[in-house]
Amino acid sequence: MKSLTARYIFSILAIVALSLGVFYLLMSPPLNDLRLMAMFLGITALISALVGYGAYKLGWLNLSPTLRWSLLGGYALSSLLTFFNVWFSAQMMFASQHDLLLAIVLLIFASGMAMVLGYFLSSAITNRINLLKDAAEQLAGGNLQTRVPSNGQDEVATLARTFNQMAEQLEAVDKKQRELERLRADLIAWVGHDLQTPLASMRVILEALEDGVVDDPQTVKRYLNTAQRNVRSLSVLIDDLFQMAQLDTGGMPLDRAESSLSDLISDTLESFSELAQRQGVNLTGSVAPEVDPVTMDTQRIGRVLNNLIGNALRHTPDGGRVEVHARRTGSGVEVSVSDTGEGIRAEDLPHVFDSFYRGDKSRSRSTGGAGLGLAISKGIVQAHGGEINVKSEAGQGSQFTFTLP
């Protein structure tokens with residue numbers, strides 16, 4: 001506010017000084033005439049400044065029903081002040097009444113032309129603003145594809161471009177939200193099936209044992225082993241859901257400490273060695289000597305390795321390879337898990353780390369689970385301040401890489 005007032009006063013003083021300078025250069029008046037002109041201009045400038053500042057302080061712009069009338073009012077006030085300035089100075093200085101009346105007629109004509117031109121130009125501005133208003137109403141009504149023309153370089157054009165950017169962001173968020181809702185609906189169906197199948201199996205087993213349908217020790221043991229596998233399957237699913245809930249709320253705690261990444265990778269490979277052998281997959285790994293120690297939550301990073309290696313084995317056929325490598329980079333440690341499996345389809349690749357996404361639409365945990373493993377892995381790596389990405393082509397295998405700072 002103070003800055004605006006200061007610029008207003010400075011501008012008026014500059015105009016008075018410029019006018020006196022032009023008067024002196026063009027007419028070379030005597031000193032007395034120059035003083036008189038300075039006095040006349042000073043009086044009219046003071047009155048004009050007070051009137052304009054008073055109109056501003058009274059908030060006359062806020063009383064106008066439309067911006068067009070506000071601009072037109074500004075033109076009208078400027079024209080009246082111009083008329084007053086010239087009329088006052090001319091009356092003080094003109095010797096001829098004829099010249100004074102002629103100046104008045106010309107001023108009235110010029111003021112009218114200024115008003116007409118001002119109305120025309122203000123209509124061009126207000127029409128653009130009305131387009132923005134209508135677009136904002138459409139956007140508020142749910143039409144997120146609304147856009148407005150953004151031609152020009154002035155403030156209205158800048159506002160239009162900002163509006164379009166906002167609309168694009170809202171549309172992207174809405175699309176993402178709709179996709180998330182769809183995936184959540186799919187998750188409910190998948191989880192319902194994944195819960196129902198092992199529970200139904202356990203119920204049948206328990207009823208058979210309770211009713212004495214089976215009494216052979218070998219059969220009982222086989223039934224109990226099946227029940228244990230189902231319990232483990234349920235436990236993994238529930239743990240996935242709990243981990244995902246923690247990530248969604250930003251509440252995943254990390255217990256960081258300097259640990260041996262090479263030992264963690266070695267232990268993880270050992271835990272999968274039997275499964276890899278049964279599937280006929282060659283599972284190998286290597287860790288560069290300068291990698292350790294790494295500051296990390298060993299349990300969480302172990303979960304990431306389990307998810308990545310487990311996925312690689314699940315999608316690698318007999319005779320294939322799964323390789324794990326770790327090396328130090330300039331900013332931290334890089335771990336890669338690559339396989340020679342079926343790869344990832346191009347349409348699925350952008351979504352592999354999305355929550356609840358599962359490229360395989362089968363509802364069996366053995367062919368993809370609830371679609372939480374990679375989302376959880378991404379959340380754990382990002383909680384450590386690292387990044388995770390994937391490179392893959394259908395039929396050419398996949399390589400998942402994550403970094404730890």
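Since this is a predicted model, take the numbers as computed values, not measurements.
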message: Go through it in stages, so that I can follow the logic: the residues are L305 and F402, the test is side-chain contact (heavy atoms from CB on, under 4.5 Å), and I'd like the CA-CA distance, side-chain angles, deciding distance and then a yes or no.
response: CA-CA 10 Å; L305 289 171; F402 69 89; 4.1 Å; yes

Contact check, side chains of L20 and L18, non-hydrogen atoms, under 4.5 Å: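 They are not in side-chain contact.
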
Please check: side-chain N/O of [X] versus main-chain N/O of [Y], any donor-acceptor pairing under 3.5 Å?
{"X": "R300", "Y": "I380", "answer": "no"}
{"X": "H384", "Y": "D297", "answer": "yes"}
{"X": "S259", "Y": "A257", "answer": "yes"}
{"X": "D292", "Y": "L261", "answer": "yes"}
{"X": "S392", "Y": "G397", "answer": "yes"}
{"X": "R256", "Y": "T295", "answer": "no"}
{"X": "N306", "Y": "T268", "answer": "no"}

Show me, pair by pair, the donor-acceptor contacts under 3.5 angstrom made by side chains of residues 316-325, not counting sequence neighbours?
residue: T316; atom: OG1; partner: A312; partner atom: O; Å: 2.5
residue: R321; atom: NE; partner: E323; partner atom: OE2; Å: 3.4
residue: E323; atom: OE1; partner: H325; partner atom: NE2; Å: 3.4
residue: H325; atom: ND1; partner: S286; partner atom: OG; Å: 2.5

Say you draw a straight line from [atom1] of [X] to [atom2] of [Y]; how long is it, rounded to the nearest 0.5 Å?
{"X": "S377", "Y": "R303", "atom1": "OG", "atom2": "CZ", "result": "7.5 Å"}
{"X": "Q145", "Y": "L139", "atom1": "CD", "atom2": "CG", "result": "11.0 Å"}
{"X": "L308", "Y": "T401", "atom1": "CG", "atom2": "OG1", "result": "9.0 Å"}
{"X": "Q228", "Y": "L224", "atom1": "CD", "atom2": "CG", "result": "6.5 Å"}
{"X": "L283", "Y": "F272", "atom1": "CG", "atom2": "CZ", "result": "8.5 Å"}
{"X": "I301", "Y": "L404", "atom1": "CD1", "atom2": "CG", "result": "4.5 Å"}

Closest approach of [X] to [Y] (non-hydrogen atoms, all atoms of both residues):
{"X": "T403", "Y": "V381", "value": "O-CG1, 3.7 Å"}
{"X": "G343", "Y": "S398", "value": "CA-OG, 3.6 Å"}
{"X": "A160", "Y": "P149", "value": "CB-O, 3.5 Å"}
{"X": "P293", "Y": "R328", "value": "O-NH2, 3.5 Å"}

Looking at [X], I want to see if its [atom1] is surrounded by more than 12 non-hydrogen atoms of other residues, nucleotides or ligands under 6.0 Å.
{"X": "E387", "atom1": "CD", "result": "no"}
{"X": "R161", "atom1": "CZ", "result": "yes"}
{"X": "E274", "atom1": "CD", "result": "no"}
{"X": "Q299", "atom1": "CD", "result": "no"}
{"X": "K133", "atom1": "NZ", "result": "yes"}
{"X": "E168", "atom1": "CD", "result": "yes"}

field: R147 and E171: CA distance, side-chain angles, deciding distance, side-chain contact (heavy atoms from CB on, under 4.5 Å) verdict
entry: CA-CA 11 Å; R147 301 292 185 272; E171 186 177 13; 2.8 Å; yes

task: For the pair L269 and D267, evaluate side-chain contact (heavy atoms from CB on, under 4.5 Å) and give the outcome as yes or no after the intermediate values.
output: CA-CA 5 Å; L269 292 175; D267 293 342; over 6 Å; no

query: Are N311 and R314 close enough that a side-chain donor and a side-chain acceptor fall under 3.5 Å?
result: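 Note: N311 and R314 side chains meet the donor-acceptor criterion.
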
Modelled atom types, side-chain donor and acceptor of S266 and D263, under 3.5 Å: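 No, no side-chain donor-acceptor pair sits under 3.5 Å.
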
Extract all donor-acceptor atom pairs below 3.5 Å that involve side chains of residues 329-337 and protein atoms in other chains or at least two apart in sequence.
residue: T329; atom: OG1; partner: G332; partner atom: N; Å: 3.2
residue: T329; atom: OG1; partner: G332; partner atom: O; Å: 3.3
residue: E334; atom: OE2; partner: R327; partner atom: NE; Å: 3.1
residue: E334; atom: OE2; partner: R327; partner atom: NH2; Å: 3.2

